[in-house]
2 protein chains.
Amino acid sequence: MKTDPELRYKTLISKLQQRGSRLTSHRIALARLISVSEGHPNASQLFKKLRIQFPSVSLATIYKTLALLKAEGEVLEIDLHGDSRYDGANPFPHPHLICECCGMILDGDEIKSIGELNNEIESKYGFQITRPQQIFYGLCKDCRASIDKKG
Amino acid sequence: MKTDPELRYKTLISKLQQRGSRLTSHRIALARLISVSEGHPNASQLFKKLRIQFPSVSLATIYKTLALLKAEGEVLEIDLHGDSRYDGANPFPHPHLICECCGMILDGDEIKSIGELNNEIESKYGFQITRPQQIFYGLCKDCRASIDKKG
DNA sequence: TTTTGTGCAAATTCTTTGCAGACAC
DNA sequence: GTGTCTGCAAAGAATTTGCACAAAA
């Protein structure tokens, strides 16, 4: 459920403007990078890509800008034990399926029972969910297939 | 869904024995501590408690033993961005509801739609879930009530 | 006795912070 | 102009690791 990169970019920029943040060249470039990103890059990967175009950019700026966009709810942080990944292409909370074999991170979009789960939690515990983080570790289709082949 | 502490303790000890690990006094004490723990302590909290009884114990040993029990599937690690919590009282995967207001971590036991969600993910993506980690950040019942009272 | 576990301290790694200079507005 | 943002380097914090000694089997 990846939204249109151009729309994403415009949203990110306008969110920064709305909150009164300044549009520096590095922020604009990061917003663009996040909008077109397909995977789930970490701060270091975004830094390396951005540095090609802006050799003077620093990792600290990446973290600071990501924190800004995270606070605006425009970037999701996937918390992987000391290697946070950022999902800025799809701003809607969704499960992430992480293959323990190949490391791939798959977006679990269009899972119907998520809504039901949320309802059940909210009604059963009176808990108001603001930010779900659902990570499913396991084996992806391809890795299962290659394991089956071997044994 | 807290299981009987005594049963839990015996399970932890026998799992360590089965894998050929030695039963040192520190490991036995940690197993006991984990079995009776009500909340979701982090390594440092377990360390502080254990140090009362065993002043010579080290934090490294806590981490090493937790890793052992985690590998045996007897302890769940809740990955909270640089503050891992350990749930050893309830070895079955279950969601954790974390209140962003008071910090409380509630066990989301007996959520029926979890099974449905797992099935949907497995059938839709051909993904075999081995270890789900579902963390729901939000507002607990009590904090919602006190916010409502204020206005 | 032999192998595994332990404490200690240093190393590692991701992330945050303080500050003087740079830049958007 | 002025208040925010930046890079840099250093600080921070949780966890892991290497090694000589200690303890379990």
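The basis for the numbers below is simple: all heavy atoms, side chains too, and nothing from hydrogens, waters or symmetry mates. Reminder, nothing fancy here: chain letters follow the sequence lines and each chain counts from 1.
- The hydrophobic cluster containing Leu68(B) also contains Leu33(B), counting ILVMFWY residues as joined when their side-chain heavy atoms lie under 4.5 angstrom apart, directly or transitively.
- Proximity of Tyr86(B) to Ile62(B): side-chain heavy atoms (C-beta onward) are nowhere separated by under 4.5 Å.
- Ion pairing of Glu122(B) with Lys141(A) is absent here, as no side-chain N (NZ or NE/NH1/NH2) approaches a carboxylate O to less than 4.0 Å.
- Counting any heavy atom pair closer than 4.0 Å across all strands shown, Ser44(A) reaches no nucleic acid atom.
- Remark: of the listed residues Thr24(A), Leu23(A), Ile28(A), Leu23(A) is the sole one forming a side chain to side chain contact (heavy atoms under 4.5 Å, CB included) with Leu16(A).
- Side-chain proximity of Leu59(A) to dC8(D), dT15(D), dT15(C): nearest is dT15(C).
- Other members of the cluster containing Leu7(A) do not exist, because no ILVMFWY side chain is joined to it at under 4.5 Å.
- Phosphate contact (OP1/OP2 of dT16(D), side-chain N/O of Tyr63(B), threshold under 4.0 Å): absent.
- For the OP1/OP2 pair of dT15(D) and a distance below 4.0 Å, the side-chain nitrogens and oxygens of Ser84(B) include at least one atom meeting the criterion.
- By the neighbour-count criterion of 12 heavy atoms within 6.0 Å, atom NZ of Lys48(B) is sparsely surrounded, having that number or fewer from other residues, nucleotides or ligands.
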Polar atom pairs (N or O), protein with nucleotides 21-25 of chain C, under 3.5 Å:
{"from": "dA24(C)", "atom 1": "N3", "to": "Arg22(A)", "atom 2": "NH1", "distance (Å)": "3.0"}
{"from": "dC25(C)", "atom 1": "OP1", "to": "Leu23(A)", "atom 2": "N", "distance (Å)": "3.1"}

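- Residues from residues 66-75 of chain B placing a heavy atom under 4.0 Å of any atom in DNA chain D do not occur.
- Annotation: of the two residues near DNA chain C, His81(B) and Val57(B), the 5′-most nearest-nucleotide partner is Val57(B).
- With respect to the salt-bridge test (charged N to carboxylate O, under 4.0 angstrom), the residues Glu116(A) and Lys112(B) do not qualify.
- In this structure, CG of Leu46(A) is placed 14 Å from C1' of dC14(C), rounded to the nearest angstrom.
- Proximity of Arg27(A) to the phosphate of dT6(D): a side-chain N or O atom is located under 4.0 Å from OP1 or OP2.
- A salt bridge links Asp83(B) to Arg85(B): one of the charged nitrogens lies within less than 4.0 Å of a carboxylate oxygen.
- Here the nucleotide nearest the side chain of Lys64(A), chosen from dT15(D), dT17(C), dT15(C), is dT17(C).
- Atom CD1 in Ile78(B) sits roughly 13 Å away from atom P in dT15(D) (whole-Å rounding).
- The distance between atom NE2 of His26(B) and atom C1' of dA22(D), rounded to the nearest whole Å, is 11 Å.
- A side chain to side chain contact (heavy atoms under 4.5 Å, CB included) with Arg32(B) holds for exactly one of Glu6(B), Gln53(B), Arg27(B); it is Glu6(B).
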